[in-house]
Amino acid sequence: MSARVAGVRLADVIAVLDAAYPPGLAQDWDSVGLVCGDPDEVVESVTVAVDATAAVVSEVPERGLLLAHHPLLLRGVDTVAASTAKGALLHQMIRTGRSLFTAHTNADSASPGVSDALAEALGLQVQSVLEPVAAGPNLDKWVVFVPAADAAAVRDALFAAGAGRIGDYSHCSWSVAGTGQFLPHDGATPAIGEVGTVEQVAEDRVEVIAPSRLRAAVLAAMRAAHPYEEPAFDIIALAPIPGDLGLGRVGALASPEPLSAFVSRVCAALPATSWGVRASGDSEAMVSRVAVCGGAGDSLLRAVDAAGVDAYVTADLRHHPADEHRRASQVALVDVAHWASEFPWCAQAAGVLREHFGDTLPVRVSAVRTDPWNVESRA
């Protein structure tokens, strides 16, 4: 009798996957995470696939985890009865102690993520994110004009409300001296000066940043500490700071090559499908910088136009968006099967788990082609 694999807790595997593909990166319409399985139970193996189909599930051993990219349950699901196709699959998995976990749009935006895996498969050196997401919280810059004698008190109030934090630093601000001027009218009760008289006051311009979610608290703190009944201030919403998170990637080939050769490169790098690889552009035009997006990517065509690339590799390009793009842009389009564009991620995700768990948790990538298009004609 062979020895039984000890395995690890499902919760421990989930922790590693959530660290690699943070669920907070998922789109708000998406459904990611654990679909079925008990986090406290042991997982004896992991199978990675793009889709949780019956053929893939049949490969998953009992007490094994299936890590799928595409959600099994997403749109309009109100039953998992065994009389439905997806319900029957889940019942089968649960009866045999198998688990299902999904990393979808969170894996698309993670770093490294789906598009990094596609870029690597094509031999691209990634240089930037095609459509980055904010690397941190939305921030405001506060500019407050305050009499110099009261500037310290106002700064302290802003800091106490949560302003002035940059990374591992707190109490961050910038100030410069200047002259403020105002004319109090009837009804005003000025802290400095008199009604009907123009007043000039030595003031400091105090600048701090604060998370946008704290706007109300920072405003209340500033008003409470400021000596004026009508403080002068600006709130400026800052543009997000791009990082290495987001959809798509921009990369470079080691050396330029004609579009026809690049299309052949894509065809050789990705698994074969009935969809194949199709392209639009000048076959002799040289390709050096390339944008890629695993999965459906025609929503990023504007970002592609602004990225300074020669070609764009993605999936599910529809006729009209592609036609409009090609009329106005010199960027060549390379369209591949959705499944094929995301299949390289499976090896990446498997590598994440192998690096963490080593030999204690067997991890394999399913070779089942889950592309729904399975009949082709070359007539």
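Keep in mind that this is a model prediction, so the values were computed, not measured.
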Set of salt bridge (Lys or Arg N to Asp or Glu O under 4.0 Å) partners for [X], sequence neighbours left out:
X: D40; result: R9
X: R364; result: E59
X: D51; result: none

Practice prompt. Specify the closest pair of heavy atoms between A82 and A88, including all atoms of both residues, with the distance to one decimal.
Written response: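 Result for this residue pair: O-CB, 3.4 Å.
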
Worksheet item: What's the verdict on side-chain contact (heavy atoms from CB on, under 4.5 Å) for L124 and L253, showing C-alpha distance, side-chain angles and the deciding distance?
Response: CA-CA 5 Å; L124 297 171; L253 293 169; 3.5 Å; yes

Test ring pair (Phe, Tyr, Trp, His ring centres under 6.0 Å) applied to [X] - qualifying residues, sequence neighbours left out:
X: H338; value: H70
X: F233; value: none
X: H91; value: none
X: F101; value: none

Discussion item. Quick one about S274 and W373 (side-chain donor to acceptor, distance below 3.5 Å, no hydrogens or angles considered), yes or no?
Written reply: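 No, because no side-chain N or O of W373 sits under 3.5 Å from a partner of the opposite role on S274.
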
Worksheet item: Within the distance-only criterion (no hydrogens, no angle test), does the side chain of E229 pair as donor or acceptor with the backbone N or O of A191 below 3.5 angstrom?
Response: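 No, E229 side chain to A191 backbone: no donor-acceptor pair under 3.5 Å.
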
Discussion item. Between V292 and L122, is the side-chain contact (heavy atoms from CB on, under 4.5 Å) condition met? List the steps.
Written reply: CA-CA 10 Å; V292 301; L122 301 182; 4.0 Å; yes

State, yes or no, whether a side-chain contact exists between [X] and [Y] at a heavy-atom distance under 4.5 Å.
X: H325; Y: D305; value: yes
X: D282; Y: L259; value: no
X: L25; Y: T105; value: no
X: D316; Y: D298; value: no
X: D310; Y: V290; value: no
X: Y228; Y: I192; value: yes

Practice prompt. Among residues two or more places apart or on two chains, list those pairs meeting salt bridge (charged side-chain N to carboxylate O under 4.0 Å, His left out) that have a residue in residues 90-116.
Written response: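 Listed by first then second residue: D116-R249.
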
Practice prompt. Please list all pairs passing the salt bridge (charged side-chain N to carboxylate O under 4.0 Å, His left out) test where one or both residues lie in residues 190-217, with sequence neighbours left out.
Written response: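 Qualifying pairs, neighbours excluded: D140-R215, K141-E207, R205-E207.
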
Worksheet item: Of all residues at least two apart in sequence or in a different chain, which pass the side-chain contact (heavy atoms from CB on, under 4.5 Å) check with A340?
Response: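 Checked A340 against side-chain contact (heavy atoms from CB on, under 4.5 Å); matches are L270, P271, T273, A337.
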
Practice prompt. Tell me, please, which residues at least two apart from V352 pass side-chain contact (heavy atoms from CB on, under 4.5 Å).
Written response: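 side-chain contact (heavy atoms from CB on, under 4.5 Å) list for V352, sorted by chain: V16, A20, Y21.
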
Fill in: Residues forming a side chain to side chain donor-acceptor pair (under 3.5 Å) with R302, sequence neighbours excluded
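Side chain to side chain donor-acceptor pair (under 3.5 Å) check on R302 returns nothing, list empty.
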
Item to complete: Hey, can you tell me if W29 and H104 have their rings parallel, tilted or perpendicular (30° and 60° cut-offs)?
Response: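 W29 vs H104 ring planes: perpendicular.
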
